[in-house]
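Below is one structure, written out as structure tokens; comments come after it.
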Amino acid sequence: TEGVFQPKSLAGKQVLITAGPTFEPIDAVRGITNISSGKMGYAVARAAVEAGARVTLISGPTALAAPLGCLRVDVNTAQQMLDAVLAHVGKADIFIGVAAVADYAVKNRSEHKIKKSDANLSIELTPNPDILATVASLPAAPFCVGFAAESQHVLQYADEKRRRKKVPLLVANLAQAAFGADDNEITLLDDAGHHPLPKASKQVLARELIQHIARMITPHA
Ligand code: CTP
Ligand code: CA
């Protein structure tokens, strides 16, 4: 039933989204990051705004402009991303973790630029907190959605990840096809099973994801 009186599917909802890569400094001028462009997370933020939600976007370093109508908080490291998420999660109804969070940070980060002549250079790593799992295990957790970019065994790994992180909805995609591209091919995994979506632009897929989330949180929508 369409028409001017149809309310937007996420009207009145607060949505918190992470996007982009994180950057883990090695020294004053170098760091560890990944090839996430942020396009999928920004598309999800745009789709949530279109659906009437109040959107906060916690973003790692990207070359993208903030989607109109959302609050963007810029961070570099996974720890900063977690801190920003925890500062905003209290009022969130929905959390969508789209960011490609670095799994490790550099343990003894050097304040000054490391010199080529430094002998026996080695970099020690320490595990980063899992932002999605942390949010999903909060006593008053919002509805949590994860993303999984896998390079092989996509659906099997994604199913395992959904169970491990205890999230009701996980979006699976093939890393080689997704990173940096404007198009994507995703499968939505929830208790009802696998919902493959035809290959489309990240913006179209983001809208379908937001409608799927809206149906899950308000079954009559
Ligand atoms: N994620 C997160 N914090 C981390 C790592 C991942 O919030 N430290 C989130 C991502 O934003 C994504 C989901 O968890 O929504 C899956 O990320 P992924 O890297 O695929 O999962 P990992 O548990 O890190 O497993 P692995 O990298 O070994 O596949
Ligand atoms: Ca990871």
Side-chain angles (χ1 to χ4, degrees), residues 15-25 31-45 47-48 55-62 64 72-89 92 94-107 125-138 141-180 184-190 194 202 205-206 209-210 212-213 216:
V15 181
L16 181 60
I17 299 169
T18 65
T22 65
F23 179 90
E24 309 294 336
I32 298 173
T33 187
N34 60 68
I35 62 171
S36 167
S37 64
K39 284 177 188 170
M40 191 70 219
Y42 279 55
V44 172
V55 179
T56 302
L57 178 61
I58 314 288
S59 178
T62 72
L64 305 173
R72 185 173 79 179
V73 178
D74 290 314
V75 298
N76 281 312
T77 67
Q79 184 62 52
Q80 291 168 350
M81 188 172 272
L82 175 64
D83 292 344
V85 163
L86 291 179
H88 289 87
V89 77
I94 299 165
F95 173 73
I96 312 174
V98 196
V101 183
D103 291 324
Y104 293 89
V106 175
K107 199 166 185 180
L125 300 177
T126 179
N128 270 328
D130 189 317
I131 299 166
L132 177 61
T134 302
V135 171
S137 66
L138 290 172
F143 182 87
C144 287
V145 182
F147 268 71
E150 308 289 354
S151 69
Q152 58 176 346
H153 312 305
V154 176
L155 295 180
Q156 181 205 325
Y157 284 171
D159 261 326
E160 290 165 9
K161 207 164 267 178
R162 190 173 85 88
R163 262 178 266 118
R164 191 167 63 238
K165 305 209 185 205
K166 298 190 169 63
V167 294
L169 178 61
L170 192 110
V171 182
N173 61 26
L174 187 67
Q176 302 91 307
F179 276 76
N184 202 353
E185 200 171 345
I186 64 178
T187 299
L188 310 183
L189 286 72
D190 59 21
H194 294 178
K202 287 180 174 176
L205 293 171
L209 170 64
I210 288 296
H212 192 87
I213 293 170
M216 282 183 83

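Positions are given from 1 along the sequence. Side chains are part of it too, since the values below use all heavy atoms of this structure and drop only hydrogens, waters and symmetry mates. Computed from a predicted structure; not experimentally measured. Ligands are counted one by one from 1 in listed order, and the atoms in each one are counted from 1 as well.
At distances below 3.5 Å, not a single donor-acceptor pair connects side-chain atoms of K39 with backbone N or O atoms of L64. Side chain of T18 to backbone of V98: a donor-acceptor contact under 3.5 angstrom is found. Judged by distance alone, the side chain of T187 and the main-chain N or O of H194 form no donor-acceptor pair under 3.5 Å. Judged by distance alone, the side chain of Q176 and the main-chain N or O of S151 form a donor-acceptor pair under 3.5 Å. Of the possible donor and acceptor atoms, one in the side chain of N34 sits under 3.5 Å from a partner among the backbone N and O of A100.
We find the CG-SG distance between L138 and C144 to be 7.5 Å, quoted to the nearest 0.5 Å.
Protein residues lining ligand 1, listed by chain and number: G97, A99, V101, D103, P129, D130, I131, L132, G146, F147, A148, K161, R164, K165 [non-hydrogen atoms, distance under 4.0 Å].
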